[in-house]
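See structure below.
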Amino acid sequence: MTDPAGDWSARANFWRGDRALGGRLHVRAGRLVFVPHGLERALGGDDGFDVALAEIVGLGAAPRSMRVPRRRLVVTTSPGRTGYFLVNRLDGALDHLRDEITEAGGTARALDDTETRSSVPELSPDDSLLMNVIQSGWAHLVGLAIWGLALVGVLAGSRNPWAVAVLVLLVLFSGWRAWAGFRRRSRIKAARRRRDTS
């Protein structure tokens, strides 16, 4: 979409670790800029993406995965930063960005699948307060205890088969989410230790 000033923009999600921030991706004044929308900024997702078009050295489409079932725009820059964006009409966005980069005096080579798959951001946890609360293993342990007590209550009382089945599923889900939350926390701590020692 092009606005009256000639700037291009599109709704997009920008991956920051395992969190996808909603907002808009803009090409304006020779720069590619992602601006998170107001709700994301209010929830601690105030990281944007801002790079000169001439510094973009690679463009590609990340293949689909189990976690992200749509192809994403991948942008690599000469300072060594990589951005993953989910945009509608990806092929049109890639063509438009290549044209804009060429106009800005840069050249962006096409990235192949191995390059776009090498460091997908959703495998690296986002260490923001919001994501740490949502993904907390302790919170899910509380849920596990609540669903477990409810299951015991149903088994001691009515033994409704539908209630038992639903509660068993909730207990299993809460247990799995608690395990995943503690595993995520250990990955964050390991990444912090690596940062501190380097």
Side-chain angles (χ1 to χ4, degrees), residues 1-65 67-131 187-188 190-192 194-198:
M1 176 179 92
T2 306
D3 67 16
D7 295 337
W8 175 85
S9 74
R11 279 188 298 191
N13 289 332
F14 168 50
W15 261 258
R16 184 182 78 179
D18 57 358
R19 179 178 178 188
L21 301 176
R24 291 197 78 81
L25 189 62
H26 302 271
V27 173
R28 59 182 174 212
R31 303 189 73 76
L32 178 65
V33 180
F34 173 79
V35 180
H37 58 63
L39 181 61
E40 292 287 10
R41 289 193 301 271
L43 295 174
D46 52 1
D47 291 358
F49 186 90
D50 187 348
V51 64
L53 290 171
E55 292 179 347
I56 297 174
V57 295
L59 287 174
R64 294 172 176 86
S65 69
R67 289 181 183 227
V68 185
R70 289 176 56 195
R71 294 182 320 144
R72 288 174 290 173
L73 168 68
V74 182
V75 177
T76 59
T77 68
S78 56
R81 188 168 183 203
T82 302
Y84 285 75
F85 302 93
L86 185 62
V87 294
N88 291 328
R89 295 185 277 287
L90 176 60
D91 293 330
L94 280 166
D95 292 340
H96 185 82
L97 287 174
R98 282 190 190 99
D99 293 344
E100 292 280 355
I101 291 165
T102 303
E103 268 185 46
T107 53
R109 65 184 178 79
L111 302 172
D112 62 25
D113 280 357
T114 56
E115 293 172 294
T116 59
R117 206 178 268 169
S118 61
S119 62
V120 288
E122 61 271 12
L123 299 179
S124 305
D126 173 19
D127 194 14
S128 68
L129 176 63
L130 175 70
M131 290 302 283
R187 286 199 319 260
I188 289 172
R192 281 183 186 163
R194 282 194 302 272
R195 266 196 319 266
D196 292 344
T197 57
S198 62

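Side chains are part of it too, since the values below use all heavy atoms of this structure and drop only hydrogens, waters and symmetry mates.
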Among residues at least two apart in sequence or on other chains, which ones pass side chain to side chain donor-acceptor pair (under 3.5 Å) with D196? none
Which pair of heavy atoms, one from L90 and one from R71, lies closest together, and at what distance? CD2-CB, 3.7 Å
Using the test side chain to side chain contact (heavy atoms under 4.5 Å, CB included), find all partners of S78 that sit at least two apart in sequence or belong to another chain. E55, V57
Check L25 against F34 and note the closest heavy-atom contact, atom names and distance. CD1-CB, 4.0 Å
Grab the two heavy atoms, one from A12 and one from V87, that are nearest each other, plus how far apart they are. CB-CG1, 3.6 Å
Over all heavy atoms of both residues, which pair between A61 and V74 is shortest? Give the atoms and the distance, please. C-CG2, 4.3 Å
Roughly how far, to the nearest 0.5 Å, is CG of L73 from CG of N13? 12.0 Å
So OG1 of T102 and CG of L97: to nearest 0.5 Å the spacing works out to 10.5 Å
Can you tell me how the ring of F14 sits relative to the ring of F85, calling it parallel under 30°, perpendicular over 60° and tilted otherwise? parallel
The criterion is side chain to side chain contact (heavy atoms under 4.5 Å, CB included); which residues satisfy it with A29, sequence neighbours excluded? none
Taking all non-hydrogen atoms of both residues, which atom of F49 and which atom of T82 are closest, and how far apart? CE1-C, 4.3 Å
Which heavy atom of L94 sits nearest to which heavy atom of G60, and what is that distance? CD2-O, 3.8 Å
Does R11 have more than 12 heavy atoms from other residues, nucleotides or ligands lying within 6.0 Å of its CZ? no
Which pairs, with at least one residue in residues 28-39 and sequence neighbours excluded, count as a salt bridge (Lys or Arg N to Asp or Glu O under 4.0 Å)? R31-D50
Could you work out, with side chain to side chain contact (heavy atoms under 4.5 Å, CB included) as the rule, every residue matching A54, not counting sequence neighbours? none
Return the CG to CD1 distance between L32 and I56, rounded to the nearest 0.5 Å. 4.5 Å
Residue list, salt bridge (Lys or Arg N to Asp or Glu O under 4.0 Å) with D95, at least two apart or on another chain: R98
What do the steps show when you test L86 against R70 for side chain to side chain contact (heavy atoms under 4.5 Å, CB included), and what is the final call? CA-CA 8 Å; L86 185 62; R70 289 176 56 195; 3.7 Å; yes
